[in-house]
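Since the structure comes first, as C-alpha cells, the remarks are kept for the end.
So that the names make sense, note that chain A is the first sequence line, chain B the second, and so on, each numbered from 1.
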Protein chains: 2
Amino acid sequence: MQTDHIRLANQLCFSVYNTSRLFTKFYQRALSDFGLTYSQYLVLMALWEEDGQTLHQIGDALYLESNTLTPLLRRMEDAGWLTREKSAHDRRQLTVHLTAEGQESQGPIQQAIAECIGKEHLDIDQYNDTQETISQLETALRTLLTDESKMEE
Amino acid sequence: MQTDHIRLANQLCFSVYNTSRLFTKFYQRALSDFGLTYSQYLVLMALWEEDGQTLHQIGDALYLESNTLTPLLRRMEDAGWLTREKSAHDRRQLTVHLTAEGQESQGPIQQAIAECIGKEHLDIDQYNDTQETISQLETALRTLLTDESKMEE
DNA sequence: CTTCAATTAATCGTGCACGATTGAAAGTAG
DNA sequence: CTACTTTCAATCGTGCACGATTAATTGAAG
C-alpha cells in the first residue's frame, strides 16, 4: 500500500525529529554549566580528535557548511574555546585551533556528560543495536540525497 | 566502562541529529512545491486528523509550545492554510481551523511525498523495526526529561 | 464579591540550519 | 602573463526551537 509507506515514513521521521530534540535537551543539561550548546560540543569533539582543522574539515566531520559554522565558530572564539586564523599557505581557508581552555576542558565536560547519563539512569547499553540501525538509515538518506545532486552535474 | 557509555551516547545522539536533518531535507523536496516546511506539514497532519484544535492541543501532539507555534501558525495563516481565532468559551485559548485550501491539499501533498519516497527508491519497509526502536528511545528520553521537572515541584 | 493562584497565548532574545549569493584567493589553460 | 574556472569563507534572509518572561483571562478560596 502506498499510504502505508507514507505513514511509516511519517512516523519514522517524526520519531527521529523528536528524539533529536530530546537528546539535545539531555546534553544541554550537562553542557549548560560550561555555556556550551550541543553544536558547539560537536565542534570541540572534532578538535579534540584533531586540533588545527580548517573550517572545511570540521564541516566535513559534522556535515555543516560555512553558513552555519562561520557564526558558530565566531561565538566559540568569543567564548574563549578556540582561535580562528587564515591559513598561511592558502589564505582562503580558515584554520581553527583550540585554546588551552578548550584543551583542558575535555575531561571536565565529558565527566559532566557521563554523570548526567549515570544519574539519570539512561540505560545506554540497551541502545547498542539502535546506534547501528539508525546509522544505516542515516547512510541511506545521505546517499539518496547526495546522489540526487550528482544527477544535476 | 564509563567512557564507552559516553562514546555510545555521543554516536547515538550524533546519528539521530544527522538523520533528523537528512529526513527534513528529504521531506523538503516534496513540500517545497507547496511552500511548506516540515514543521508546518506536521501542523497540517495534526489538523487533518482533527480540525479545530487549540494551539495547546496542537502543541501536545507535536511537543511544541506557544513560543514556537505562535509565529509558525501566523505564517501558516498568512499563507492561507488555516485561520486563527480566540475560542468563544475561553478567550485565553486560540482555536485553529483549516481553510478550504488546507483541507483540499491533503491529497496532493501526501501524493507528492509518496512519489518522493517511490522515485528516490527509499526502501521504507526495511525500517519497520527502526521505527519501533527509535520510538522506545524517544519514550525513554521523554520520561527521563519530564520526570526530572516533576522532581522540582 | 474579592483576592490569589493557575492557565494560556504572546513576546523577547539567542542560536542554530540552510538555500542562495558574494568576493577573495588559488588553480588552470592558452 | 591573461582569462577562465574552481574553491573557499563570509554574508544575507528565513524559519524554526526554546528558555524566560509578560499580560490577559479564568478558576478557586475565603
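Remark on DNA chain C: of its neighbouring residues A:Asn67 and A:Lys86, the 5'-side contact belongs to A:Asn67, judged by nearest-heavy-atom nucleotide.
For B:Glu65 and C:dA9, the CD to C1' distance is 11 Å, given to the nearest whole Å. In this structure, the CG atom of A:Leu62 is 13 Å from the C1' atom of C:dA17, given to the nearest Å. Atom CG of B:Asp78 and atom P of D:dT14 are 13 Å apart (whole Å). A:Leu55 places its CG atom 15 Å from the C1' atom of C:dA17, with the value rounded to the nearest Å. For A:Lys25 and D:dC18, the NZ to P distance is 5 Å, given to the nearest whole Å. Atom CG of B:Asp90 is separated from atom C1' of C:dA6 by 12 Å (rounded to the nearest Å). Put simply, CZ on B:Arg21 is 14 Å from C1' on C:dG19, counting in whole angstrom units. Taking atom OH of residue B:Tyr17 and atom C1' of nucleotide D:dA17, one finds them 13 Å apart after rounding to whole Å.
Phosphate proximity of D:dG27 to B:Arg92: absent, as no side-chain N or O sits under 4.0 Å from OP1 or OP2. Taking only side-chain nitrogens and oxygens, B:Arg84 comes nearer than 4.0 Å to OP1 or OP2 of C:dA10. At D:dA17, none of the side-chain N or O atoms of A:Thr24 fall inside 4.0 Å of OP1 or OP2 (strictly under the cut-off). Taking side-chain N and O atoms only, A:Ser66 has no distance below 4.0 Å to OP1 or OP2 of D:dT11. Contact check, B:Arg74 against C:dT11: a side-chain N or O comes under 4.0 Å of OP1 or OP2. Between C:dA9 and B:His56, a contact under 4.0 Å exists linking OP1 or OP2 to a side-chain N or O.
With A:Phe26 as the aromatic partner, A:Arg29 does not meet the cation-pi criteria of under 6.0 angstrom to the ring centre and within 45 degrees of the ring axis.
Taking every heavy atom of both residues into account, B:Leu94 and B:Lys86 meet most closely at CD1-N, 4.2 Å.
Salt bridge A:Arg7/A:Asp4: present, at least one basic N to carboxylate O contact under 4.0 Å.
Residue A:Gln40 is in sugar-phosphate contact alone, with no base atom involved, counting any heavy-atom pair closer than 4.0 Å across all strands shown. Among the heavy atoms of the strands lying under 4.0 Å from A:Thr68 is at least one base atom, whether or not backbone atoms are also near. Within the 4.0 angstrom heavy-atom criterion, only backbone atoms of the sugar-phosphate kind lie near A:Leu72; the bases stay farther away.
Between the side chains of A:Ser135 and B:Ser15, at least one donor-acceptor pair of N or O atoms lies under 3.5 Å.
Closest to the A:Ser39 side chain, of the nucleotides C:dA17, C:dG19, D:dA17, is C:dA17.
Interface remark: the A:Thr70 side chain does not form any donor-acceptor pair with the D:dA9 base, using a distance-only criterion of under 3.5 Å. You won't find any donor-acceptor pair under 3.5 Å spanning the side chain of B:Arg91 and the base of D:dT25, going by distance alone.
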Trace of the side chain to side chain contact (heavy atoms under 4.5 Å, CB included) decision for B:Tyr41 with B:Ile113: CA-CA 11 Å; B:Tyr41 171 65; B:Ile113 292 172; 3.4 Å; yes
Full working for side chain to side chain contact (heavy atoms under 4.5 Å, CB included) between A:Val96 and A:Met76: CA-CA 11 Å; A:Val96 182; A:Met76 292 185 74; over 6 Å; no
